[in-house]
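These values consider heavy atoms only, across backbone and side chains, with no hydrogens, waters or symmetry-generated copies. Owing to the predicted nature of the structure, the values given are computational and were not obtained by experimental measurement.
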Amino acid sequence: MDEGSFSRVGVVGLGTMGAGIAEVLARGGLAVVGIEVNQDALERGRGHLEGSTGRAVKRGRLTEDAQREILGRVALSTDFADLGDCDLVIEAVPERLDLKRKVFAELDRVCRDDAVLATNTSSLSVTDIAVTTGRPTKIVGVHFFNPAPVMKLVEVIATVLTEPDAVARVAALVKGLGKTPVTIGDRAGFVANRLLFGYLNQAAGMLESGHATRDDIDAAMKAGAGLPMGPFTLMDLIGLDTCLEVLDAIYAESRDRRHAASPVLRELVTAGLLGRKTGRGFYSYDASGETEGAADEGAPPVVGIVGVGPLADALAALCDRAGAQVR
């Protein structure tokens with residue numbers, strides 16, 4: 001089936017993630033019904049949508065007419081009954097199994113029998129959510145990455161109960177939205193997070209053991225592996241509490257030591273130092289979110305070079321260019 005098999009899609013939960021998913025769907029020309037728990041949350045969701053599309057207009061990636069069209073395709077409501085006509089509903093509420101199960105019980109009640117229901121979980125078992133509904137064959141995972149309008153990957157998760165047709169239709173929709181779908185089984189961390197968080201956790205372990213400094217590990221992965229940011233900058237951006245939750249969920253299933261959260265990570269979370277959002281994690285941040293003290297300002301370093309010749313001259317020139325005093 002092509003992406004046309006879904007024409008009206010519901011999104012439950014309009015936080016940063018849910019609003020991003022609603023925007024992606026509306027940009028793809030679909031009618032969207034956005035649901036929030038109360039009027040205040042609904043207005044915050046509207047703000048996320050207007051803010052994100054507004055930034056795209058400012059950067060010249062979207063015209064004002066296109067922004068109006070996109071926003072016009074999203075109907076906002078606090079009434080679950082408004083999802084009754086949807087072909088597909090994507091749940092994007094916070095990562096709590098009890099809360100997701102409650103949402104799915106309500107979706108089960110109000111949605112058509114042939115509607116596909118999807119969860120945007122990043123760390124919970126899709127099967128755990130599916131088995132509490134009356135339609136486990138129609139439940140899939142659809143894991144968008146944050147920010148949804150920018151990130152290309154979407155993981156489509158099938159449980160042992162999911163109809164292959166439901167998975168194929170969701171993957172076709174994702175592709176039609178200009179994203180890259182990967183279809184996988186229901187394993188903690190799916191593909192990207194299972195690989196990524198093993199690496200992030202190992203970086204924290206290397207820091208803790210004194211293998212290298214925070215700045216040097218970040219620099220090595222940027223300059224050596226060609227990554228856009230180092231592991232500590234990335235963990236601070238994701239949120240250290242989220243990193244810990246994901247690692248704990250993967251470790252509970254895999255019992256693989258690479259996912260046993262590093263003590264330094266757990267200590268920072270316990271202390272409430274969660275990264276950018278709290279102003280301090282592995283790095284400290286000022287009010288504008290810029291890193292403070294990644295490199296201390298002050299007197300230029302003094303570098304002594306022993307020996308003479310072309311190599312010594314080249315080293316002296318490099319140090320001089322970097323602002324060091326050469327002796």
Decide yes or no for [X] and [Y]: does some side-chain heavy atom of the first lie under 4.5 Å from some side-chain heavy atom of the second?
X	Y	result
V182	V156	no
V116	V140	yes
V269	L274	yes
I139	T159	no

Does any donor atom in the side chain of [X] or [Y] lie under 3.5 Å from an acceptor atom in the other side chain?
X	Y	result
D186	S125	yes
N201	Y251	no
S7	D87	yes
N38	T78	no

Inset, instruction - Tell me, with the steps shown, if E95 and K100 meet salt bridge (charged side-chain N to carboxylate O under 4.0 Å, His left out). - result: CA-CA 8 Å; E95 285 285 274; K100 289 187 187 283; 3.3 Å; yes
Inset, instruction - Using a strict 4.0 Å threshold on nitrogen-to-oxygen distance, state whether R194 and E253 make a salt bridge. - result: yes
Inset, instruction - Please indicate whether Q202 has more than 12 foreign heavy atoms, meaning atoms of other residues, nucleotides or ligands, lying under 6.0 Å from its CD. - result: no
Legend entry - Distance under 6.0 Å and angle within 45° of ring axis: R280 vs Y285: no
Inset, instruction - Apply the test side-chain contact (heavy atoms from CB on, under 4.5 Å) to residues Y283 and R214: give CA-CA distance (whole Å), side-chain angles for both, the deciding distance (0.1 Å), then the verdict. - result: CA-CA 9 Å; Y283 290 94; R214 172 200 68 183; 3.2 Å; yes
Inset, instruction - Using the test ring pair (Phe, Tyr, Trp, His ring centres under 6.0 Å), find all partners of F145 that sit at least two apart in sequence or belong to another chain. - result: H143
